[in-house]
2 protein chains.
Amino acid sequence: MHIEKSEVSEIFKGLELKDHEIEFIKTVLHKKNYSKGALIIKNGVQVDQTFGVKSGCLRTYHVDKVGKEHTLQFAIKGWWITDYTSFFLKSKAIMNLEVIQDAVVYQLSFQDREELFKKIPTLESFIRTRLENSYAAFQKRVLGNLSKTAKERYLDFISTYPNIEKRVKNYHIASYLGITTESLSRIRRELTQI
Amino acid sequence: MHIEKSEVSEIFKGLELKDHEIEFIKTVLHKKNYSKGALIIKNGVQVDQTFGVKSGCLRTYHVDKVGKEHTLQFAIKGWWITDYTSFFLKSKAIMNLEVIQDAVVYQLSFQDREELFKKIPTLESFIRTRLENSYAAFQKRVLGNLSKTAKERYLDFISTYPNIEKRVKNYHIASYLGITTESLSRIRRELTQI
DNA sequence: TTTATAAATTGACATATGTTAATAAATTAT
DNA sequence: ATAATTTATTAACATATGTCAATTTATAAA
């Protein structure tokens, strides 16, 4: 699928890119359509692509040894998602990447990403800064999981990610919070009864 | 405290640095001694330094609203640690950074770090790659917290970080795993009884 | 060494969340 | 619109982990 110059600007909003840089970026990004239910990454494979969401909604989840799903991340417009344990650590994927609402994504390979950073150093800084922010957000999540009750984590989730809450099922949220769908149901009842 | 050229090479092991680059790095790193018990960062302050461990052991922990401690990270030789939520997101610290064994650390400010990346692009790539690996490790930790029992998390911890286990108290480990010291004690008993 | 302090363990009981099974509500397909 | 399917809710009971209090063991100070 063809990528417009305006789309590249949108993806790297805040960054001043020269025309030839935008042209190069267009050669490494591959725009694709995915339908709800598609599994873009399957547990066990070697992952060498990362996916930027233009529209729709994705999630990564891990299936544990008793078959339960645990959602690690959601991604909507503007977010990048993949099995980062495989993508960064060069190991086999421990997650599935699932399309939970019909999506258009920009696909970028590990090698092309490195190439991009080499050719456009300001882009490397831009991405590094985003990664730093995501890293800090993950640290907050770990602390939240350690220190908060399920109800508190749910309230945090819906206030931090209202746009995600609208788009995903309650059982997706439950598996993100680390509780069962029944527990989430009880929590929601308590919240409405007050 | 004076920093040797060999120390800089050690900190950025794997990276080829020119002499003038090493000299510049020496001007932005500040080596300091800290004694056991010192609180390098206190909850509530604005953090603009990160700390690389030369020797000893540090940890970051959060104190929740009922006064319980939750350990986010440990750091021994070679690791960098700070309240990254404050350092990266420019918000107030939500953690304390505590010295749990007498330590020698290299201190680096946010501004100097950015300066370093600007002057030495290979160093920015080097640090970015390390951050990518840490990010992936954190994702694994979140998944582990969601999908594993306390006993499994404990076994993972001691096999992944045997050098940390040796240096910290059991109550530190418990607070890292998200359980009480009593629960950890029961887990340890079960493990020895088999 | 002996004493004081800190850390770890143990047991009885409490509680948040999980499990199972049934039902209701919402969404999608016909 | 109606039926089929998926999702969410509810209730009774189970379980992992927490709480509290006492005791033992390890470490540090005198």
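Lettering follows sequence order; numbering is per chain, from 1. What's counted below: heavy atoms across the whole structure, side chains too, no hydrogens, waters or symmetry copies. Computed from a predicted structure; not experimentally measured.
Atom CD1 in A:Ile100 sits roughly 14 Å away from atom C1' in D:dT7 (whole-Å rounding). If you take NZ of B:Lys151 and P of D:dT17, they are 10 Å apart, rounded to a whole angstrom. Atoms NZ (B:Lys36) and P (D:dT27) sit 11 Å apart, rounded to a whole Å. Atom pair A:Ile179:CD1 and D:dT17:C1' shows a separation of 17 Å (rounding to whole Å applied). To the nearest angstrom, C1' of C:dA16 lies 18 Å from OH of A:Tyr154. Taking atom CZ of residue B:Arg189 and atom P of nucleotide D:dT17, one finds them 14 Å apart after rounding to whole Å. B:Leu184 places its CG atom 17 Å from the P atom of D:dA16, with the value rounded to the nearest Å. Taking atom CG of B:Asp102 as the reference point, atom P of D:dA28 lies 11 Å away to the nearest angstrom.
Residue-to-nucleotide proximity on DNA chain D shows that, of B:Ala150 and A:His172, the 5′-proximal contact is made by A:His172. Nearer the 5' end of DNA chain C, as judged by each residue's closest nucleotide, is the contact made by A:Ile187, out of A:Ile187 and A:Glu182.
Of the candidate nucleotides C:dT10, D:dG18, C:dT9, C:dT9 has the atom nearest to the side chain of B:Asn170. You'll find that the side chain of B:Thr181 is closest to C:dT9, out of D:dA28, D:dT9, C:dT9. Set against C:dA8, D:dT17, C:dT19, the side chain of B:Thr149 has D:dT17 as its closest nucleotide. Comparing C:dT10, D:dG18, D:dT7 by their nearest atom to the side chain of A:Lys169 picks out D:dT7.
Aromatic pair A:Phe74/A:Tyr161: centroids not less than 6.0 angstrom apart.
Of the side-chain N and O atoms in A:Lys68, one or more sit less than 4.0 angstrom from OP1 or OP2 of C:dT19. The shortest distance between the side-chain N/O atoms of A:Ser185 and the OP1/OP2 oxygens of D:dA8 is not below 4.0 Å. Contact between the side-chain N/O atoms of B:Thr180 and the OP1/OP2 oxygens of D:dG18 is found at a separation under 4.0 Å. Within the structure, a side-chain polar atom (N or O) of B:Arg188 is placed less than 4.0 Å from OP1 or OP2 of C:dT9. Distances shown here put every side-chain N or O of A:Arg153 at or beyond 4.0 Å from the OP1 or OP2 atom of C:dA16.
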Go through the steps to decide whether A:Arg128 and A:Glu132 satisfy the test salt bridge (Lys or Arg N to Asp or Glu O under 4.0 Å), and finish with yes or no.
CA-CA 6 Å; A:Arg128 169 182 58 81; A:Glu132 288 170 352; 2.7 Å; yes
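On a pure distance criterion of 3.5 Å, a polar donor-acceptor pair joins the side chain of B:Arg186 and the base of D:dT19.
Between A:Gly178 and B:Leu146, the closest heavy-atom pair is CA-CD2, 3.5 Å.
Annotation: side chain of B:His30 is not in contact with side chain of B:Gln49 (no heavy-atom distance under 4.5 Å).
With respect to the salt-bridge test (charged N to carboxylate O, under 4.0 angstrom), the residues B:Arg186 and B:Glu182 do not qualify.
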